[in-house]
There are 2 protein chains.
Amino acid sequence: MPELPFTLDQLRILKAIAAQGSFKKAADLLYVTQPAVSLQIQNLEKQLEITIFDRGGRKALLTEAGRLLLEYCERILNQCDEACKAIEDLNSLKGGTLIIGASQTTGTYLMPRMIGLFRQKYPDVSVQLQVHSTRRTGWSVANGQIDLGIIGGQLPGDLENLLQVIPYATDELALVLHYKHPLSNKKELLKEDLYKLNFVTLDSQSTTRKVVDKLLQDSGLDIQRLKIEMELNSLEAIKNAVQSGLGASFLPVVSIERELAAGTIHKAFVADLEVKRELKLITNPSRYTSRASEVFKKNILPQFASLESPLRQL
Amino acid sequence: MPELPFTLDQLRILKAIAAQGSFKKAADLLYVTQPAVSLQIQNLEKQLEITIFDRGGRKALLTEAGRLLLEYCERILNQCDEACKAIEDLNSLKGGTLIIGASQTTGTYLMPRMIGLFRQKYPDVSVQLQVHSTRRTGWSVANGQIDLGIIGGQLPGDLENLLQVIPYATDELALVLHYKHPLSNKKELLKEDLYKLNFVTLDSQSTTRKVVDKLLQDSGLDIQRLKIEMELNSLEAIKNAVQSGLGASFLPVVSIERELAAGTIHKAFVADLEVKRELKLITNPSRYTSRASEVFKKNILPQFASLESPLRQL
DNA sequence: TATTTGAATAATTGAAATTTATGGAGACTC
DNA sequence: GAGTCTCCATAAATTTCAATTATTCAAATA
């Protein structure tokens, strides 16, 4: 690694003298004294073993070597200015990228709206959404691959301590039936009615599935007795199955807004049963937090907070 | 003029850390201690109001802002390296331009050979030849527009003191006749014979003409009595005139080598008359002297020095 | 839990740049 | 052409800034 034969300050001085045609004027421009300018140029000339200025006449004229150096000098200083501007833009959220991780459900039904709001406020920050399992999202936040994660389930225990977990909204998981299902007429179902249903569920690895199972179990139901018609790995597929009369399911309300409005799916109420989960923001407190990430957490998230259906907020 | 928010040293450190993935290793690479590296990066981060490195884990990882800055950093440092290389090339005469001024005669008949020799030795230095009057050449040297001048006459008095004038060769101005001229048979002419001749001369503004006039006058001749058939402003035109038998002339021997060899022109000898002038190199001692200029003066010029006809040297 | 490794911090030292003060050289004025 | 003015160079003193040593702190490894 070679020593650098000049400093940016020296280049700045060089440029100023070239522009002003005088050591003194350059000194005034840079708010330093004239000897400071002289000495820096002398050092520069000594280092590079060239003569840069011809101090003969009234004006300080560039020599050939000086002109050559000035060319590079301007390019270098321009790059420096650009770098500063880019950093400033980043600081003022006029650039940069925010990388968000989310699970399937939130990633599909919730994040687009959140990201839309963010982009509306900060159009110059590009946003990247990575949809992964809750576990993987957690790890990505932990090792800094993504800025923040939005999850709807439980983190593995080790990550739970490492990361900052902020619940920001409640997501209701509604029991949905085919609109012509016999039970869809009843105002309110009983827990026992659930044993009569054929369920179409997410696969058992899914976080949402685990959350639902746990909540049902906690409310006194024997989930072993529940009949599972089929397990699918996509909410859309389950929705289609329910709409085709293939069975019932617990689905996040955020994912069935459209179908409820269209009446193609029936949302049933079950007495004494609330299947709700917390949507959580996870961040890594021991890592650098980008400005974009901060702003997302402070300004965007609250707009979706504490709602049965975050959707209505829009 | 804004203050620069970083130094080249800081950028160099940044680059080293990014490459090594560690403050300590970067410090070793740069032959400084680890705190020095830490402090510089801290200053940089403070100045730019960003976090550059994520010091969480085992490795020092770049943040988004850090990656952004690193991009500029590499470009800037590359430009610096290039600048150094260009300057080095200039110092070692692997680049640059040498600008030479010469009067008509030297410029036409002598300089091409000198420049050829120079270019042979330093093929990477380009040479520019500007043919002007002696006076203008002198002024150009004085104000630094050209690196050096080669002249064959007298400089205006004020310039004479300002510039360094180095005689380096003698240029003989020979009396030339048509090869069938009646006097071309005589082994040696007398001064009085000159009055019998019709002269074809350069115009009276020309330095070479002035030099000839002065030398003839100094040797006791009455130049008013000399018959001037015509005045032309080009040596080539005069040569043609002489070869056509229109008259005689005093011409620099360097300009008639070919014609003498071909026998199309006759060089006469005049008893007790030597028409010789000093060819001089002029430089400006109060101005910057380029390496190329130095070398030309020291290495090229001597090869043409102290010769009746510099041509023979080649 | 102990050990190791890497980075931050504090205090000291040392180097380099800036400033004030001054001298000298060329350019403009009368 | 003498005087003045402007501009740059130089010298000495000061201040600022960066590097080093020594130490602490935190995290990762064993």
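Residue numbering restarts at 1 for every chain, and letters A, B, ... go by the order of the sequence lines.
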Colleague: Without decimals, in angstroms, what is the distance between B/Arg12 CZ and D/dA19 C1'?
Modeller: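 Between C1' of D/dA19 and CZ of B/Arg12: 14 Å.
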
Colleague: With heavy atoms under 4.0 Å as the rule, sort A/Asn43 into base, sugar-phosphate or nothing.
Modeller: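 Sugar-phosphate: the residue A/Asn43, judged by heavy atoms under 4.0 Å, touches backbone atoms but no base.
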
Colleague: If you go through the side-chain atoms of B/Gln34, does one of them form a donor-acceptor pair with the base of C/dA8 closer than 3.5 Å?
Modeller: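 For B/Gln34, whose side chain was compared with the base of C/dA8, there is a donor-acceptor pair (under 3.5 Å).
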
Colleague: With DNA chain C as reference, determine whether A/Pro35 or B/Lys24 sits nearer its 5' end, using the nearest nucleotide of each.
Modeller: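 Mapping each residue to its closest nucleotide by heavy atoms, the 5'-most match is B/Lys24.
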
Colleague: From CD of B/Gln20 over to C1' of C/dG6, roughly how many Å is that when rounded to an integer?
Modeller: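 My rounded result for the distance is 14 Å.
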
Colleague: What is the distance from CD of B/Gln42 to C1' of D/dA18, rounded to the nearest Å?
Modeller: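 The answer, rounded to whole Å, is 13 Å.
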
Colleague: Grab the CZ-C1' distance between A/Phe23 and C/dG26 for me, whole Å please.
Modeller: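 So the CZ-C1' distance, A/Phe23 to C/dG26, works out to 15 Å.
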
Colleague: Return the value, rounded to whole Å, for the distance between atom CG of A/Leu30 and atom P of C/dA17.
Modeller: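 After rounding, the gap between these two atoms is 15 Å.
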
Colleague: Under 4.0 Å from OP1 or OP2 of C/dA17: is there any side-chain N or O of A/Gln10 that close?
Modeller: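 So the side-chain polar atoms of A/Gln10 never come under 4.0 Å of the phosphate oxygens OP1 or OP2 of C/dA17.
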
Colleague: Under 4.0 Å from OP1 or OP2 of C/dA7: is there any side-chain N or O of B/Ser38 that close?
Modeller: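 Answer no for this pair, as no side-chain N or O of B/Ser38 is under 4.0 Å from OP1 or OP2.
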
Colleague: In this structure, how many angstroms lie between the P atom of D/dA12 and the CG atom of A/Leu39, rounded?
Modeller: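 So the CG-P distance, A/Leu39 to D/dA12, works out to 13 Å.
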
Colleague: Heavy atoms only: give me the nearest A/Met114-A/Ile300 pair and the separation to one decimal.
Modeller: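 That closest heavy-atom pairing would be O-CG2, 3.8 Å.
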
Colleague: Would you say the rings of A/Tyr122 and A/Phe296 are close, in the sense that their centroids are separated by under 6.0 Å?
Modeller: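 Between A/Phe296 and A/Tyr122, the centre distance exceeds or equals 6.0 Å.
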
Colleague: To the nearest Å, how far apart are B/Leu162 CG and C/dA27 C1'?
Modeller: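 Result: 13 Å.
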
Colleague: Assess whether atom CZ of B/Arg135 is packed by more than 12 heavy atoms of other residues, nucleotides or ligands within 6.0 Å.
Modeller: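 For B/Arg135, atom CZ is not crowded (no more than 12 foreign heavy atoms under 6.0 Å).
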
Colleague: Whole-Å distance between D/dA27 C1' and A/Asn284 CG?
Modeller: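 My rounded result for the distance is 13 Å.
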
Colleague: To the side chain of B/Thr33, which of C/dA7, C/dT18, D/dA19 is closest?
Modeller: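 Shortest atom-to-atom distance from the side chain points to D/dA19.
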
Colleague: Looking only at heavy atoms, what is the nearest atom pair of A/Thr63 and A/Asp54, with distance?
Modeller: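 Looks like CG2-N, 4.2 Å.
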
